[in-house]
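Everything below concerns the one structure shown next.
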Amino acid sequence: MTTALAGALLAWYDRHRRVMPWRARSGERADPYRVWLAEIMLQQTTVATVGPYFERFVKRWPNVAALAAAPREDVLHAWAGLGYYARARNLHACAKAVADSHGGVFPDTEEGLLELPGVGPYTAAAIAAIAFGRPSIVIDGNVERVMTRVFAIDTPLPKAKIDVRAAMADLVPVDRPGDFAQATMDLGATICSPRRPKCMLCPWEMACRAHAAGEAERYPVKLKRAKRPLKRAIAYVLTDRQGAVWLRRRADDGLLGGMMEVPSSEWAAGEPSAKIARAAAPAALAWRELPEKVRHGFTHFELELTVWTAQARRADVSGGQWVAADGLDAVALPTLMRKVIARAIARAKGTSKKRRPKRA
DNA sequence: CAGGCGTGGGA
DNA sequence: TTCCCAAGCCT
């Protein structure tokens with residue numbers, strides 16, 4: 001059964017369907033591998049950002065078997081810059097699980113999908129609906145916003161998800177669950193936006209209780225977030241005579257897990273003392289401090305790195321690896337580390353004459 | 001279960 | 001500048 005509400009949304013979706021590389025054309029069956037890959041990439045990440053990454057991944061690894069057979073380092077490297085690197089580690093683990101334990105075929109139920117690494121409640125429901133036509137209830141941030149507005153749900157997030165799920169129970173049309181899922185997310189992304197929602201264009205305008213009360217923007221109700229603390233540290237960029245940079249791999253768990261880095265002192269609240277800076281340096285060398293610091297925002301804190309550079313011989317350090325300047329694009333460097341290295345190399349070449357406005 | 005976990009863009 | 005956010009998952 002399709003309710004009037006769902007019908008109106010699907011009609012809107014049919015008129016405004018957005019073309020995206022991971023989306024099946026109207027009437028065509030979606031490829032579970034592409035749906036899965038896109039859903040993982042889209043977690044907390046914008047469509048615009050994901051686009052080029054998705055294209056590169058499917059071109060290089062056209063199916064789950066190919067991805068499972070790839071060295072993990074290649075996957076991490078291809079993911080570099082996209083953020084939330086646990087996704088990349090889980091992506092590879094998931095591909096191997098599907099290839100090794102499921103005969104190369106994705107589970108076609110919500111419960112089965114939920115067992116896979118990196119696949120949580122949202123992603124399992126989304127794949128089940130979009131790739132397999134299961135009538136699952138798909139709730140992401142967009143859907144939360146849409147539904148808390150339509151039904152005027154005042155419960156603060158994340159608790160509101162319970163109420164949203166209940167409100168949606170009779171809403172999912174069994175004949176087009178995948179389209180319905182994508183339609184509710186598209187509605188949230190394009191019409192029912194966090195600020196200044198375009199209610200006059202919304203297929204649910206007449207039904208929306210928040211809009212009727214003139215307070216759509218008040219939903220969803222959420223608690224205020226604390227301000228992000230600032231941490232500081234020294235980052236050490238060692239180069240050899242040929243310009244190769246000394247890198248090492250971060251531990252597999254935690255921040256930027258499994259990715260490459262330049263060494264740094266402990267990331268802490270205060271300004272690192274000269275003593276700490278020397279003690280944390282990977283070798284006793286003629287270090288030079290760059291005048292411009294590197295700032296980088298993480299989800300829960302802001303980081304300010306002071307960059308120290310030095311020229312070294314390979315015998316000065318052990319462990320890690322030396323990567324030639326023209327090979328840096330070929331390793332799994334997160335954006336933060338690319339910024340630091342770029343700053344150091346620009347400085348070494350004397351090309352960092354970045355003009356900045358004078359400050360009082 | 002609250003907090004850890006990236007990044008880039010828009011207001 | 002600063003804040004918020006964007007198709008969440010894991011522990």
Side-chain angles (χ1 to χ4, degrees), chain A residues 18 20-23 34-54 76 79-91 93-94 113-127 129-131 136-146 156-159 161-162 178 180-190 192-196 217 220 222-231 250-259 261 267 294-304 332-339 356-357 359:
Chain A
R18 296 192 292 168
M20 294 189 240
W22 46 84
R23 222 169 240 192
R34 295 168 66 96
V35 172
W36 162 74
L37 178 60
E39 290 302 338
I40 301 297
M41 288 185 165
L42 286 164
Q43 287 167 8
Q44 301 287 282
T45 309
T46 59
V47 167
T49 300
V50 165
Y53 281 88
F54 180 84
L76 292 182
W79 195 278
L82 200 49
Y84 284 133
Y85 298 100
R87 292 185 297 171
R89 304 193 298 271
N90 285 329
L91 185 85
C94 183
L113 289 159
L114 202 46
E115 298 296 314
L116 298 171
V119 177
Y122 159 75
T123 305
I127 298 173
I130 296 169
S136 52
I137 298 175
V138 181
I139 305 173
D140 73 335
N142 288 309
V143 178
E144 277 179 350
R145 186 170 56 254
V146 170
L157 293 178
K159 215 175 176 184
K161 185 168 286 196
I162 308 288
F180 181 78
Q182 295 183 88
T184 49
M185 291 190 279
D186 276 11
L187 188 66
T190 62
C192 197
S193 42
R195 280 168 306 231
R196 301 174 60 87
E217 210 162 332
K222 55 178 73 171
L223 280 23
K224 265 207 199 83
R225 225 175 285 171
K227 196 166 169 277
R228 293 186 306 180
L230 175 65
K231 296 187 182 182
R250 292 177 64 87
D252 221 35
D253 52 348
L255 190 74
L256 307 177
M259 304 294 285
E261 67 167 1
W267 300 2
V294 171
R295 284 185 77 105
H296 189 78
F298 290 95
T299 306
H300 289 283
F301 65 93
E302 182 99 8
L303 181 64
E304 184 183 272
L333 278 171
T335 298
L336 164 65
M337 297 301 163
R338 289 199 185 279
K339 279 194 209 172
R356 46 171 41 210
R359 319 186 67 93

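Every chain is numbered from 1, with letters handed out A, B, ... down the list of sequences.
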Counting only side-chain nitrogens and oxygens, does [X] get under 4.0 Å of the OP1 or OP2 atom of [N]?
X         : N      : value
His296(A) : dG6(B) : no
His300(A) : dG4(B) : yes
Thr299(A) : dG3(B) : no
Thr45(A)  : dG8(B) : no
Thr335(A) : dG6(B) : no
Lys159(A) : dC1(B) : no
Tyr85(A)  : dT7(B) : yes

Rounded to whole Å, please give me the gap between [atom1] in [X] and [atom2] in [N].
X         : N       : atom1 : atom2 : result
Phe298(A) : dG3(B)  : CZ    : C1'   : 16 Å
Tyr84(A)  : dC10(C) : OH    : C1'   : 12 Å
Arg338(A) : dG6(B)  : CZ    : P     : 15 Å
Arg196(A) : dC5(C)  : CZ    : P     : 16 Å
Lys222(A) : dA2(B)  : NZ    : C1'   : 16 Å
Trp79(A)  : dC9(C)  : CH2   : P     : 12 Å
Arg145(A) : dA6(C)  : CZ    : C1'   : 9 Å
Arg295(A) : dG6(B)  : CZ    : C1'   : 16 Å

Between the CG atom in Leu230(A) and the CD atom in Glu304(A), the distance rounded to the nearest 0.5 Å is 5.5 Å

Taking atom [atom1] in both [N] and [M], what distance in whole Å separates the two?
N       : M      : atom1 : result
dG3(B)  : dC4(C) : P     : 16 Å
dT11(C) : dG6(B) : P     : 14 Å
dA6(C)  : dC1(B) : C1'   : 23 Å

Indicate, with a heavy-atom threshold strictly under 4.0 Å, whether [X] touches base, sugar-phosphate, or nothing.
X         : value
Arg18(A)  : base
Val47(A)  : base
Leu256(A) : sugar-phosphate
Met259(A) : nothing

Select from Pro117(A) and Glu39(A) the residue whose nearest nucleotide in DNA chain C is closer to the 5' end of that strand. Glu39(A)

Which residue lies toward the 5' end of DNA chain C, Asp140(A) or Lys227(A), if each is placed at its nearest nucleotide? Lys227(A)

So which of Asp140(A), Thr49(A), Val50(A), Thr123(A) actually passes side-chain contact (heavy atoms from CB on, under 4.5 Å) with Leu42(A)? Val50(A)

Where the side chain of Gln43(A) is defined as all heavy atoms beyond and including C-beta, which of dC9(C), dA6(C), dC4(C) is the nearest nucleotide?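 For the Gln43(A) side chain, the nearest candidate turns out to be dC9(C).
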
Using modelled atom types only, decide if a donor and an acceptor are shared between the side chain of [X] and the backbone of [Y] within a distance under 3.5 Å.
X         : Y         : answer
Ser193(A) : Thr190(A) : no
Arg295(A) : Glu302(A) : no
Arg34(A)  : Pro21(A)  : yes

First of Phe301(A) and Pro158(A) reached from the 5' end of DNA chain B, by closest nucleotide: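 On the 5' side of the pair lies Pro158(A).
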
Consider only side-chain N and O atoms of Gln43(A) and Tyr122(A), and report whether a donor and an acceptor are under 3.5 Å apart. no

